[in-house]
Number of protein chains: 2
Amino acid sequence: MRLTDYTDYALRVLLYLSVRPAGLSTIQEISDAYGVSKNHLMKIVQQLGELGWVETVRGRNGGLRLAEHSRALTVGEIVRKTENDFAIVGCFGPTDEGHKGCVIQSHCRLQGVFAAARDAFLAELDKHTIGELAHPANDLARLLNIPVRTPIPAGEFIPIRHSSLNET
Amino acid sequence: MRLTDYTDYALRVLLYLSVRPAGLSTIQEISDAYGVSKNHLMKIVQQLGELGWVETVRGRNGGLRLAEHSRALTVGEIVRKTENDFAIVGCFGPTDEGHKGCVIQSHCRLQGVFAAARDAFLAELDKHTIGELAHPANDLARLLNIPVRTPIPAGEFIPIRHSSLNET
């Protein structure tokens, strides 16, 4: 029992973008970070854009960023959109795509049992948001080669008053 | 997200045998009843025999029957044995079979989320036994072309006293 690589990679893209503190990312960067084919990711990013979960900025300095509201997306919401087949057993799917209907389908209780199991699976995924999974952010960012802190411009540098550290 | 046909057919074999009131069944009968290839079923029946869930009687009048204790088997117990892959996402499986480890694996919370979802799925399946699913037995038997009642030998025929039906 597996989810598709498509779902796996969609979650990884969202996780990458949620760990990135600011600025835009490119598909190339995400592809390099995970070692996953850029072609695979392009189709996924397109869907994530269509769903409004990822914002894309076109042009030479363009790229992707997570839509702010996407931090609240649950893993269940994502998986329901990216996974194209939740037919746990053949009789859940359409009978016209090469699957002959099962002869006991009209009286088989297994269908209800598997539907309940699928719902329990998704209910568990609904307990967790992308924003929550993006922790520990610094550790994830390090593993993904994302610069954790943007350098502070020289003019805005405010030195810590060391004396104040000892005041309590 | 699907279970394998192997698991689907294993459940159907157990269901068939649990609906059969007495006597032995053949793989040919089960194959005919479901319209599923006999070759597929032979491998499955062999495993069910090795697990002690199905008893096989060899010889000309041989066949299969459900081991009595198998009525108490839960769907979860069966699926755990027949499904060879519960790696919901790539990083659950062994890295040596063509799957490159995911770079964030050491700090990724998704693994725990998916493991909990898989456990919730199986916990739901553990609530139901094969014996329970074998109802309504007569309806299922009819759909599977299983003779529901063995004919009563002539000498044991006890006529209903119609007069008693009116006594209350």
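Quick note on labels: first sequence line is chain A, next is B, and so on, each numbered from 1.
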If you look only at pairs with a residue in residues 5-24 of chain A, which of them pass as a ring pair (Phe, Tyr, Trp, His ring centres under 6.0 Å), with sequence neighbours excluded?
->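 Every pair satisfying ring pair (Phe, Tyr, Trp, His ring centres under 6.0 Å) with a residue in residues 5-24 of chain A: A:Tyr9-A:His40.
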If two hydrophobic side chains count as joined below 4.5 Å and joins carry through other members, does [X] share a cluster with [Y]?
X       : Y        : value
B:Met42 : B:Leu14  : yes
A:Ile27 : A:Val19  : yes
B:Ile30 : A:Val103 : yes
A:Leu17 : A:Leu24  : no

Heavy-atom side-chain proximity of B:Leu15 to A:Cys108 below 4.5 angstrom: yes
pair B:Cys102-A:Asp8: side-chain heavy atoms closer than 4.5 Å
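The answer is no, as the side chains (C-beta and beyond) never meet within the 4.5 Å cut-off.
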Query raised in the report: Just how far is it from atom NE2 of B:His107 to atom CG of A:Asp139, taken to the nearest 0.5 Å?
Result: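 Separation between the atoms: 3.5 Å.
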If contact means a heavy atom pair closer than 4.5 Å, which residues of [range] contact chain B?
range                       : result
residues 110-117 of chain A : A:Leu110, A:Val113, A:Phe114, A:Ala116, A:Ala117
residues 63-74 of chain A   : none
residues 119-136 of chain A : A:Ala120, A:Phe121, A:Glu124, A:Leu125, A:His128, A:Glu132, A:Leu133, A:His135, A:Pro136

Residue from A:Val75, A:Leu140, A:Thr7 scoring the most non-hydrogen pairs under 4.5 Å with chain B is A:Leu140
Of A:Asp5, A:Thr4, A:Leu11, A:Val79, the largest count of non-hydrogen pairs under 4.5 angstrom with chain B goes to A:Leu11
For a side chain to side chain contact (heavy atoms under 4.5 Å, CB included) check, start with the C-alpha distance between B:Arg2 and A:Asp85, then their side-chain angles and the critical distance, and finish with the verdict. CA-CA 8 Å; B:Arg2 288 220 187 201; A:Asp85 180 9; 2.6 Å; yes
Greatest number of non-hydrogen atom pairs under 4.5 angstrom with chain A, of B:Glu83, B:Arg142, B:Arg118, B:Arg109, falls to B:Arg109
